[in-house]
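Source: prediction; values computed, not measured. Indexing begins at 1, ligand by ligand and atom by atom, following the structure's order. Basis for what follows: all heavy atoms, side chains included, without hydrogens, waters or symmetry-related copies.
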Amino acid sequence: MSSLQPVRGTHDLIGEAQLRHAHVVQTARRIAGLYGFDEWTTPIFEDTRVFSRSLGDTSDVVSKEMYTFEDRGGESLTLRPEGTAAICRALVTNGLTQSLPQKVFYAGPMFRYERPQKGRYRQFHQVGAELIGAAEPLADAETIAMGRDILAALGIAGDTVLELNTLGDAESRAAWRAALIAYFTDLRDQLSEDSLARLERNPLRILDSKAPQDRALVADAPRIGAYLTESARAFWDGLRSALDVLGVPFRENPGIVRGLDYYGHTAFEFVTERLGAQGTVLAGGRYDGLVAEMGGPRTPAIGWAGGIERLAMLLDATPAAPRPVAVVPLGEGASATALLLLQSLRARGVRAEIAYRGNAKRRMERANRIGATHAILIGEDEVARGVAQVKALDDGTQAELALDAVAPYLAGRDG
Ligand code: ATP
Ligand code: MG
């Protein structure tokens with residue numbers, strides 16, 4: 001039999017990896033809650049059109065990264081490559097477009113057929129936030145500040161820089177787009193094949209190219225700044241001053257365009273130098289056109305997604321696993337009492353495990369191996385007297401407690 005392996009680009013989360021992952025999710029969820037965001041969970045797969053319509057068929061994601069398949073009923077389904085389109089679909093299909101704003105947090109797996117490398121996988125996970133139904137730059141500033149607060153709560157804000165750009169409104173973008181087409185058309189011999197294909201249909205995407213030969217050309221490409229309409233400029237000024245008020249530092253970077261096609265005005269990325277080429281840990285922008293693509297009314301929105309694996313890699317220390325207490329029955333006559341004691345501990349929220357087998361020494365070894373804070377020893381003599389020996393494993397001190405005093409005592413411990 002050939003040996004079974006996880007699929008290329010996927011990984012199991014066990015031990016430290018799971019602790020780090022869960023810490024990122026729980027921290028993001030907690031901070032999002034402080035900003036008034038509610039969690040939504042949408043399906044892992046969607047009608048393929050949810051993504052093909054919204055992401056634009058020139059995006060890398062749609063043109064080469066999607067896991068699309070026909071199900072047994074002949075419908076084209078796609079494992080979600082990102083969360084925003086699905087949240088907008090859910091807003092529309094749940095009839096929530098008249099109950100705005102909606103502030104949505106989500107966490108879960110995403111799927112993209114990419115070349116696996118450090119920080120880039122085929123199944124990866126994101127936390128994300130969408131603020132749907134607010135057109136003001138203040139909404140962008142708060143949503144970005146929330147991302148920053150999550151990085152700070154994870155202890156990694158100092159490892160990241162917020163890079164900020166504006167893509168202007170539709171009118172600004174149309175003028176900029178024309179200038180980009182003219183600029184890159186002159187240089188078409190030097191463009192990568194991918195970028196050549198983007199030239200007519202979506203030249204903004206060339207700015208996001210990772211091909212080294214494109215990077216050099218992009219550096220001197222026309223910038224949006226010269227093409228901003230008055231109102232787009234006012235939005236951009238409003239955003240930057242709100243970020244100043246919130247104390248969120250940023251660096252303006254005209255090269256930030258976002259990988260997906262539905263963005264306008266705000267585009268941003270929190271980047272780090274600690275992860276090599278996969279340096280973007282949390283990124284997003286304003287997408288005022290997407291809800292309409294899903295069949296709803298035109299609705300302003302701003303959001304971001306953070307890569308959980310990349311965030312988890314930046315954590316300095318692995319969050320501590322909760323330490324249990326171990327119940328160690330000594331002799332057959334003690335097992336029933338031990339079982340009842342375990343249940344009374346769990347009822348008070350104490351993580352409690354029993355060492356099922358072996359002599360006293362083996363059972364104590366097991367208690368140490370699972371990192372127990374205390375071992376509770378119950379022999380037949382203890383059962384007869386209604387007591388237990390509670391031994392603190394870190395310092396070896398031991399106390400005899402009445403059986404019904406053990407759970408209240410341990411429920412108050414640090415562990
Ligand atoms: P990149 O430029 O790295 O391909 P992207 O622009 O495609 O990123 P988004 O669609 O904005 O990424 O997703 C938001 C975040 O999700 C990224 O900043 C990154 O942290 C994470 N992410 C995206 N793709 C992957 C992947 N294949 N594996 C792991 N994390 C990813
Ligand atoms: Mg990508």
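- Using a 4.0 Å cutoff on heavy atoms, Lys210 counts as a contact of ligand 1.
- Under the side chain to side chain contact (heavy atoms under 4.5 Å, CB included) criterion, Ser335 pairs with Glu332, sequence neighbours left out.
- Here Glu309 has no heavy atoms under 4.0 Å from ligand 1, in either its backbone or its side chain.
- Checked by atom type, the side-chain pair Thr397/Asp395 shows a donor-acceptor distance below 3.5 Å.
- For ligand 1 and Glu114, the ligand atoms under 4.0 Å from any heavy atom of the residue are 24 (N), 25 (C), 26 (C), 27 (N).
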Trace of the side-chain hydrogen bond (donor to acceptor under 3.5 Å, both in side chains) decision for Arg346 with Gln343 = CA-CA 5 Å; Arg346 293 165 184 157; Gln343 294 304 71; 2.9 Å; yes
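- With sequence neighbours excluded, the residues forming a ring pair (Phe, Tyr, Trp, His ring centres under 6.0 Å) with Tyr121 are His11, listed by chain and number.
- Atoms of ligand 1 found under 4.0 Å from any heavy atom of Val281 (numbered from 1 in listed order, with element): 20 (O).
- The residue among Arg112, Glu82, Arg310, Gln278 with a heavy atom at the shortest distance from atom 5 (P) of ligand 1 is Arg112.
- A salt bridge does not link Arg112 to Glu82: none of the charged side-chain nitrogens sits closer than 4.0 Å to a carboxylate oxygen.
- Distances below 4.0 Å separate heavy atoms of Thr280 from the following atoms of ligand 1: 17 (C), 18 (O), 19 (C), 20 (O).
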